[in-house]
Amino acid sequence: MPAPIRLRELIRTIRTARTQAEEREMIQKECAAIRSSFREEDNTYRCRNVAKLLYMHMLGYPAHFGQLECLKLIASQKFTDKRIGYLGAMLLLDERQDVHLLMTNCIKNDLNHSTQYVQGLALCTLGCMGSSEMCRDLAGEVEKLLKTSNSYLRKKAALCAVHVIRKVPELMEMFLPATKNLLNEKNHGVLHTSVVLLTEMCERSPDMLAHFRKNEKLVPQLVRILKNLIMSGYSPEHDVSGISDPFLQVRILRLLRILGRNDDDSSEAMNDILAQVATNTETSKNVGNAILYETVLTIMDIKSESGLRVLAINILGRFLLNNDKNIRYVALTSLLKTVQTDHNAVQRHRSTIVDCLKDLDVSIKRRAMELSFALVNGNNIRGMMKELLYFLDSCEPEFKADCASGIFLAAEKYAPSKRWHIDTIMRVLTTAGSYVRDDAVPNLIQLITNSVEMHAYTVQRLYKAILGDYSQQPLVQVAAWCIGEYGDLLVSGQCEEEEPIQVTEDEVLDILESVLISNMSTSVTRGYALTAIMKLSTRFTCTVNRIKKVVSIYGSSIDVELQQRAVEYNALFKKYDHMRSALLERMPVMEKVTTNGPTEIVQTNGETDPTPLETKPPPSGPQPTSQANDLLDLLGGNDITPVIPTAPTSKPASAGGELDLLGDINLTGAPAAAPAPASVPQISQPPFLLDGLSSQPLFNDIATGIPSITAYSKNGLKIEFTFERSNTNPSVTVITIQASNSTELDMTDFVFQAAVPKTFQLQLLSPSSSIVPAFNTGTITQVIKVLNPQKQQLRMRIKLTYNHKGSAMQDLAEVNNFPPQSWQ
Amino acid sequence: MIQAILVFNNHGKPRLVRFYQRFPEEIQQQIVRETFHLVLKRDDNICNFLEGGSLIGGSDYKLIYRHYATLYFVFCVDSSESELGILDLIQVFVETLDKCFENVCELDLIFHMDKVHYILQEVVMGGMVLETNMNEIVAQIEAQNRLEKSESGRQP
């Protein structure tokens, strides 16, 4: 068999290939030759074969059949073989192959080899890919080499030790004694790697960190070394552009940072040297800047005195003005880290940061944007917003979503006036409307609803905005919602803030219909538009017929969501016309609840308090929230989801919890359901909508004949449940409760609460009143809707609270006697 | 820690590929390609730092690169390394290559891939910086080359 070709020739051959296929062919041929050569167990050519294999591996071809050959090379006596063998092991092998364990013995022998370069190879390989078992076995050898006087080996041993510690943290203790003398070395390579080792130990173990601070007096040692580096003058071996070993300086500064963090004594010990480095370092070359940068980070991270911190931030400020992009990037990154702690100092550089928004470099722009958002506060909001809006206009698409969200957040926190806030939102919607996140739409709607005096202005501006262009979905959604709500203000031409425009009802309907028809509108947007048109039927006077026509057309729409809405609205026109105006009333002011989640129990009957949950005054009855918590506790488990009863009046309830509950019951999957609070049940909540309004069976085909049950009867209070099931939605059971009182005194402040297991969802609608009259002269009716998608057996725990005969009464009961037809 | 060191030319052909963390082979190639595309898009007057691609591991990692004539030198590092320091390190590495190969050019890297690896091994070990003194590195490499030469007259 002819001698295998040399690596050089192989490379030359491959380079002549003109296509990928040709290259692949050559490589396959060569692989076959290599394989047969391996089979012949020829020692002479093994290393050149493995070299070729590594080359092919780099190009992306499989080379695993060479793994064992690498091991054979490692075991060879020749340095040449070992060199390529170890390289091959590092490139081709890893912990997951069992083969690598075979290396352990070879490495052990080589760690004790007479030639330092062989020892070096072994250390290098162990430090790159040693598994935990290997590290455990060989840690002792590494530790020995850490104490040798050979600086070449010592520095490699230090890094190898780092790897060992990473793999087997328990072995850290073992290296501690060897570290005592490491910093006394003159050789910079050893110093450098020793500092890395010490850094690793300090970062991993707080005990080590404490030990080094106190016992080893590490800080003074490091300060001494650093001082020597700065003051020692020109040293040709370590000089890089006039600075003595900048890499070592940077490493030491980093270790100082870790030592000084949260520790006053250490921080004090390094104040001087940090000030010295900060003021003396040459900044004309990159190396000087690297050191300064590291110094600044250290100053900011430790407990330095304030003068030093100001110095540091000023250095960063100077960096910002540097011509070098890298420096500017690095400065912005560090300012971002420090803006939380040293806010005022960073504010001083605000104008420079804002200028960076106009930089051409994408990375710099992103950093500048993040930093700008961090710097916005009540004082500079107007100016900053102008810049940010301008940035939003001109930035790359990948930024627009983040920028828009950031602007919304900032505007919400610091808006100087409602009008400004709405203007800003409008501006964002019109410039970056399609990049706005989906969750921004309900937030905006809530904001608009709550700024009562701005309704006319808002709707007018929104109308004008979509007149020209209705392709940006979030904008159209918000606009459609507002037009639906405030259309009457729009056509009546009342607007104080700006010149009112003349709009007729037909024009408004025109635009809404175009949105419905347009191909660019998503299903969600269409839903918004249809609902808006419906709402206008009570707000407009002359176009009701047109609205009826539109609604009936969509009754046969392919889109199920639209179809359902249209059918319901149709029903509203036909059968429930008397309720239409009540249903489509103006939205009340929404509560902003900061925490969400179905476990949040909100206000119960009778309270009209719009303040947030935490500051609610206790209602006249027992605390509803604590009650509900007790309910949770008593129910004793995670399998009960509590329920939010709604207020009986049309006053605003705390809608946050309601929002979430209804958000959970996302039967039709319409996100448009979310923003609608329900002090009066809203149109966008089919099929719950019409049901709750009367206790008559509402569904056209009802499952008749479900027996009613007495759920509770005690102390003269009797509660009966009657059931209805729907054929259109078989998972829903509607329970109507009737509470009656056979005693001779009324029961007042009656509150009914219910909880069901987690697989169910429950909604309580408003009770008819809160007084159960005596002598069975009347009843309280309340509707409960239960969603039971898994058709599990219905169970319920109820809690009753009321005042009777001058004392507060409270009772818990479990209802288990649900007839099977109510849930099967 | 340095996660990977990649050297490729202006057409994306890899000239040196060294990973310090284990990735399967296909992923390695994918990373090289992805990095090449990210780096190619960069103008020459933009800063040398890039947030890493999705393959190489998420938000903690940055790509720091330098462009020399026909070659890109890309170091993928995590937040424990100083960005400006790594830029200097790349410079040291390239200057060392220059000293070892005497006016290094792409062809040297192509035909002496193994030697380049050996030089790199003296600079970075296990993802950590080992030695930054150019003269030291060159001296050690030369000593090892002499050792090889003395063992056999032939080069592989």
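Quick note: numbers below take in every heavy atom, side chains included, and nothing from hydrogens, waters or symmetry partners. The model shown is predicted, which means the values in this text are computed figures rather than measured ones. In what follows, chains are A, B, ... by sequence order, proteins preceding strands, each numbered from 1.
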**Contact winner vs chain B - His64(A), Arg328(A), Arg251(A), heavy-atom pairs under 4.5 Å** = Arg251(A)
Go through the atoms of [X] and report whether side chain, backbone, both or neither lie under 4.5 Å from a heavy atom of chain A.
X         : answer
Gln28(B)  : side chain
Met125(B) : both
Leu16(B)  : backbone
Glu95(B)  : neither
Leu120(B) : neither
Val32(B)  : neither
Arg42(B)  : side chain

**Message:** Taking the ring centre of each residue, are Phe101(B) and His112(B) less than 6.0 Å apart?
**Reply:**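 Here the rings of His112(B) and Phe101(B) have centres that are less than 6.0 Å from each other.
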**Item:** Among Ile46(B), Leu87(B), Ile64(B), Leu89(B), residue most engaged with chain A (heavy-atom pairs, under 4.5 Å)
**Value:** Ile46(B)
**Asked** Between Glu122(B), Glu136(B), Gln21(B), Gln91(B), which has the largest tally of heavy atom pairs under 4.5 Å with chain A?
**Response**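 Most heavy-atom pairs under 4.5 Å with chain A: Glu122(B).
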Using heavy-atom distances under 4.5 Å, tell me whether [X] contacts chain B through its side chain, its backbone, both, or neither.
X         : answer
Lys52(A)  : neither
Ile84(A)  : both
Tyr329(A) : side chain

**Message:** I'd like to know if Arg257(A) pairs up with Glu294(A) as an ion pair, taking the criterion as any Lys NZ or Arg NE/NH1/NH2 lying under 4.0 Å from an Asp or Glu carboxylate oxygen.
**Reply:**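 Yes, charged N to carboxylate O under 4.0 Å.
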